[in-house]
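The shown structure was predicted, so the numbers you read here are calculated from the model rather than taken from an experiment.
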Amino acid sequence: CQGEKKRRNEIIFCCGIRSSWEVSWDLMANFKGHALPGSFFLIVGLWWSVKHPLKYFYQKEKSSQLIHHYQRLEIIEAAIRTLFSVIGILAEQFVPDGPHLHLYHEDHWVKLMNWQHSTMYLFFAVSGVVDMLTYLISHVPLGLDRLVMALAAFNEGFLFYYHVHNRPPLDQHIHSLLLYAVFGGALSLSVEVVLRDNIVLELFRTSLLLLQATWFWQIGFVLFPPFGGPEWDQNSHDNIMFVTMCFSWHFLAALCIVAASYSLVYWLHLSPSPTSSLRQPSTTRQELHPAPPLHLCNLSPRFSPPGLGWPPGLIRTRHFPTGRQQRERLTNNQKTALISWFFLTSTQDADPLS
């Protein structure tokens, strides 16, 4: 081999031996290549953080209308995820320096890193199609959508595991941390094949997806500073230690996002709408907790005339209404009986309840 020449920004040795790592590092990896999947995963993760608590709190209201709306949401979500995957494939293939569907050209592979990303998107597109078929065709097994999504996540981790060989130490480490979120999500989805609609597994999967999304962005900022910042020393052990600690911070932030979404949906579920509060006074708690027997209420005798019992219309709460509120709800006959009873107790020095 007498020398080397540059052709279309690729290093090709005259003897036909090609430095694939250098080509991949210089040309195929960039900030946009990590920001694009990170944005897709972030949108889906934020939606899951709201969708799963909504389904959990409203699953007891098994009306046909709610079930119909939920199925429509699942179909729309699957269609959007499929669209995201198709956009990712087109972006990886037809960018100006992309492979343009050429896998092998002139005795060398063409843009294998872009092809790996396209393969990842392809599996997620298949997962979206299977999700739509699950809710459109009744003959599709119910757990097949979770199984195919688990396979898509496992395929992503499998590709990334062999994605970073012969890279600098920091590059290898920051990509290997991503595998924990990917394989964790695949494991959670595999368990959901059997334990479907388990809110704990769904929220755990959502947090891992958010972690994966934000970590894609972190990889882009560390390896390819977008605003012309100083480059990271990829052989520094201190940088590797900081990136590891930063991964834990990202996971904590993902858990906080899921917890905040869950709390917000819970608060919205409990708070009644203004129209419903006007139509129906707050009697649900009173119906669930009826008033205790009269002799356990420790009431004054003048609030419990003998023989009358609970007057009609009284609110059966833990605290008995005041005398004015009680008299406003009594009928005329009860008012007459109450006046007679007051007269008797004032003239006789005896306890009517004894």
Side-chain angles (χ1 to χ4, degrees), residues 31-57 73 77-78 80-81 84-85 88 117 120-121 123-124 127-128 131 146 149-150 152-161 163-164 170 173-192 195 197-224 226 239-269:
F31 178 80
K32 296 179 182 179
H34 293 86
L36 183 65
S39 301
F40 290 161
F41 290 140
L42 183 62
I43 294 173
V44 177
L46 291 176
W47 163 241
W48 281 358
S49 68
V50 176
K51 183 192 75 171
H52 292 314
L54 276 175
K55 183 182 66 175
Y56 174 70
F57 289 125
L73 282 177
E77 178 200 325
I80 293 176
R81 285 194 283 112
F84 284 169
S85 302
H117 294 168
M120 178 192 71
Y121 287 124
F123 269 73
F124 283 113
S127 173
D131 281 6
R146 296 292 189 270
M149 192 183 297
F154 176 81
N155 175 73
E156 178 191 0
F158 175 75
L159 291 174
F160 271 101
Y161 181 77
H163 196 68
V164 294
L170 180 62
H173 184 69
I174 197 172
H175 278 91
S176 64
L177 291 176
L178 186 65
L179 299 178
Y180 291 100
V182 176
F183 285 126
L187 179 61
S188 177
L189 286 165
S190 301
V191 178
E192 288 185 48
L195 301 177
D197 297 333
N198 187 293
I199 185 61
V200 177
L201 292 175
E202 290 173 341
L203 294 180
F204 176 66
R205 165 170 45 98
T206 302
S207 65
L208 291 179
L209 185 63
L210 290 172
L211 171 62
Q212 182 179 346
T214 58
W215 197 246
F216 264 113
W217 279 88
Q218 185 68 56
I219 293 175
F221 277 102
V222 170
L223 300 182
F224 315 98
N239 288 340
I240 293 177
M241 292 181 62
F242 173 78
V243 165
T244 306
M245 181 174 58
C246 190
F247 184 79
S248 301
W249 295 346
H250 276 254
F251 191 29
L252 181 60
L255 293 175
C256 292
I257 292 174
V258 173
S261 299
Y262 185 90
S263 302
L264 179 62
V265 173
Y266 176 75
W267 178 76
L268 293 176
H269 175 69

For [X], which residues count as a ring-ring contact (aromatic ring centres under 6.0 Å, His included) partner, sequence neighbours excluded?
| X | value |
| --- | --- |
| F216 | F41, F160 |
| F158 | Y162 |
| F221 | F31 |

Is E192 close to N198 at the side-chain level, that is, under 4.5 Å between some pair of heavy atoms?
no
Taking side-chain contact (heavy atoms from CB on, under 4.5 Å) as the definition, give me every residue that meets it alongside [X], ordered by chain and number, with sequence neighbours left out.
| X | value |
| --- | --- |
| L54 | V50, Y58, V265 |
| F183 | F154, L179 |
| V182 | E156, L178, Q212 |
| L252 | C256 |

Please verify the inter-ring angle class for H163 with H175; under 30° counts as parallel, over 60° as perpendicular, anything in between as tilted.
tilted
Going by side chain to side chain donor-acceptor pair (under 3.5 Å), name the residues that satisfy it together with H250, two or more places apart in sequence or in a different chain.
T214, Q218
Report the residues that fulfil side chain to side chain donor-acceptor pair (under 3.5 Å) with W47, sequence neighbours left out, ordered by chain and then residue number.
E77
Salt bridge (Lys or Arg N to Asp or Glu O under 4.0 Å) with E202: which residues, sequence neighbours excluded?
K55
Kindly say whether A186 contributes a backbone atom to a donor-acceptor pair with the side chain of S190 at under 3.5 angstrom?
yes
N/O donor-acceptor pair under 3.5 Å between W215 side chain and I174 backbone:
yes
Please tabulate, one pair per line, all N/O donor-acceptor pairs under 3.5 Å involving side-chain atoms of residues 239-246, not counting sequence neighbours.
residue : atom : partner : partner atom : Å
N239    : ND2  : D233    : O            : 2.8
T244    : OG1  : H173    : NE2          : 2.6
T244    : OG1  : I240    : O            : 2.8

Can you tell me which residue pairs pass the side-chain hydrogen bond (donor to acceptor under 3.5 Å, both in side chains) test with a partner in residues 257-266, sequence neighbours excluded?
S49-S261
